[in-house]
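First up is the structure itself, then whatever we jot down about it.
Only heavy atoms go into these numbers, but all of them, side chains included; no hydrogens, no water, no symmetry mates. No experiment lies behind these values; they were computed from the predicted model shown.
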Amino acid sequence: MARRGFLRGRTPPGASPLRPPWAVAEEDFLRQCTRCDACVAACPTQVVVRGGGGYPEIDFARGECSFCTRCVTACAARALQRDDGRTPWTPTLTLGASCIAQHGVECRVCGEACGAGAIRFRPRAGGVALPEVEAARCTGCGACVAPCPVRAISLQMNTMAVMEEGA
């Protein structure tokens, strides 16, 4: 049940909410964010929503993040700060046990939604192709989350900005 709440934009107890891209460390974010909703209004894909305590959060059930940086530009309080050469977050994508392809039902919706090619399907003899995640390709955009018919995809981030390879 906790995963379902997460995918619907509610954070499970004990978990940190996913903040908009390029959010400063959580403690600093809570101190700096004025809860003005400028980032919410600026998001063209409407995945930045007003969350717990009025602070902005990401809700991938609404769509994907295009990393357009409009939320960062709108943040006068500088709770969101984009640095060139830094990723907004480090994603961890998990395909849960409810994935219907893993139960023998043909489904490739997540792979088709993934523009980065992080979810691929390996053919297997005598059964449907199974999804595999190539973690290094995942951007954390969330495009795969909403289309999943059984909500089998969990996307979690380390929101501390990290240096991109080759930057």
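No donor-acceptor pair under 3.5 Å is formed between the side chain of Thr92 and the backbone N or O of Met157. Looking at Arg62, its side chain never comes within 3.5 Å of a backbone N or O of Thr45 through a donor-acceptor pair. No donor-acceptor pair closer than 3.5 Å links the side chain of Arg19 to the backbone N or O of Ile58. A donor-acceptor pair is defined here as one N or O able to donate and one able to accept, closer than 3.5 Å; such a pair exists between the side chain of Arg120 and the backbone of Gly117. A donor-acceptor pair under 3.5 Å is formed between the side chain of Glu57 and the backbone N or O of Gly52. Judged purely by atom type and a 3.5 angstrom limit, Arg70 has no side-chain atom pairing as donor or acceptor with the backbone of Cys43. Not one N or O on the side chain of Arg108 forms a donor-acceptor pair closer than 3.5 Å with the backbone of Glu112.
Of all the heavy atoms in Pro149 and Ile100, the pair that sits closest is CG-CD1, 4.2 Å. For the residue pair Pro91 and Cys138, the shortest heavy atom distance occurs at CG-O, 3.2 Å. Residue Val48 comes nearest to Pro20 through the heavy atom pair CG1-CG, 3.9 Å, listed as atom of the first residue, atom of the second, then distance. Minimum heavy-atom separation, Thr34 to Ala77: CG2-CB, 4.0 Å. Among all heavy-atom pairs drawn from Leu95 and Pro131, the shortest one is CD1-CB, 3.5 Å. In this structure, Leu130 and Gln102 approach most closely via the heavy-atom pair CD2-CA, 3.9 Å.
Taken together through direct or relayed side-chain contacts under 4.5 Å among Ile, Leu, Val, Met, Phe, Trp and Tyr, Val40 and Tyr55 form part of one hydrophobic cluster. Put simply, Leu30 and Val24 are part of the same group of oily side chains (I, L, V, M, F, W, Y) that touch within less than 4.5 Å, one to the next.
In this structure, Thr94 OG1 and Gln156 CD are separated by 6.0 Å, a value rounded to the nearest 0.5 Å. Atoms OG1 and CH2, from Thr139 and Trp89 in turn, are 9.0 Å apart once rounded to the nearest 0.5 Å. Rounding to the nearest 0.5 angstrom, the gap separating the SG atom in Cys114 from the CD1 atom in Ile119 is 5.0 Å. The structure places SG of Cys144 at 4.5 Å from CG of Leu93, a figure rounded to the nearest 0.5 Å.
Taking the side chain as every heavy atom from C-beta outward, Thr87 and Trp22 never approach each other to under 4.5 Å. Put simply, the side chain of Cys110 does not reach to within 4.5 Å of the side chain of Pro147, judged on heavy atoms. Side-chain atoms of Phe121 and Val128, non-hydrogen and from C-beta on, never get closer than 4.5 Å to each other. Looking at Phe29 and Pro56, their side chains come closer than 4.5 Å, going by heavy atoms from C-beta outward.
Of the residues Pro44, Pro88, Cys39, the one that meets the side chain to side chain contact (heavy atoms under 4.5 Å, CB included) test with Cys71 is Cys39.
Residues meeting the side-chain hydrogen bond (donor to acceptor under 3.5 Å, both in side chains) test with Arg78, sequence neighbours left out: Gln81.
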Could you go step by step and tell me if Ile153 and Phe60 meet the side-chain contact (heavy atoms from CB on, under 4.5 Å) rule?
CA-CA 11 Å; Ile153 299 174; Phe60 286 131; over 6 Å; no

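Heavy atoms from other residues, nucleotides or ligands lying under 6.0 Å from CZ of Arg124 number more than 12. In this structure, Glu106 places its CD atom where more than 12 heavy-atom neighbours from other residues, nucleotides or ligands lie under 6.0 Å away.
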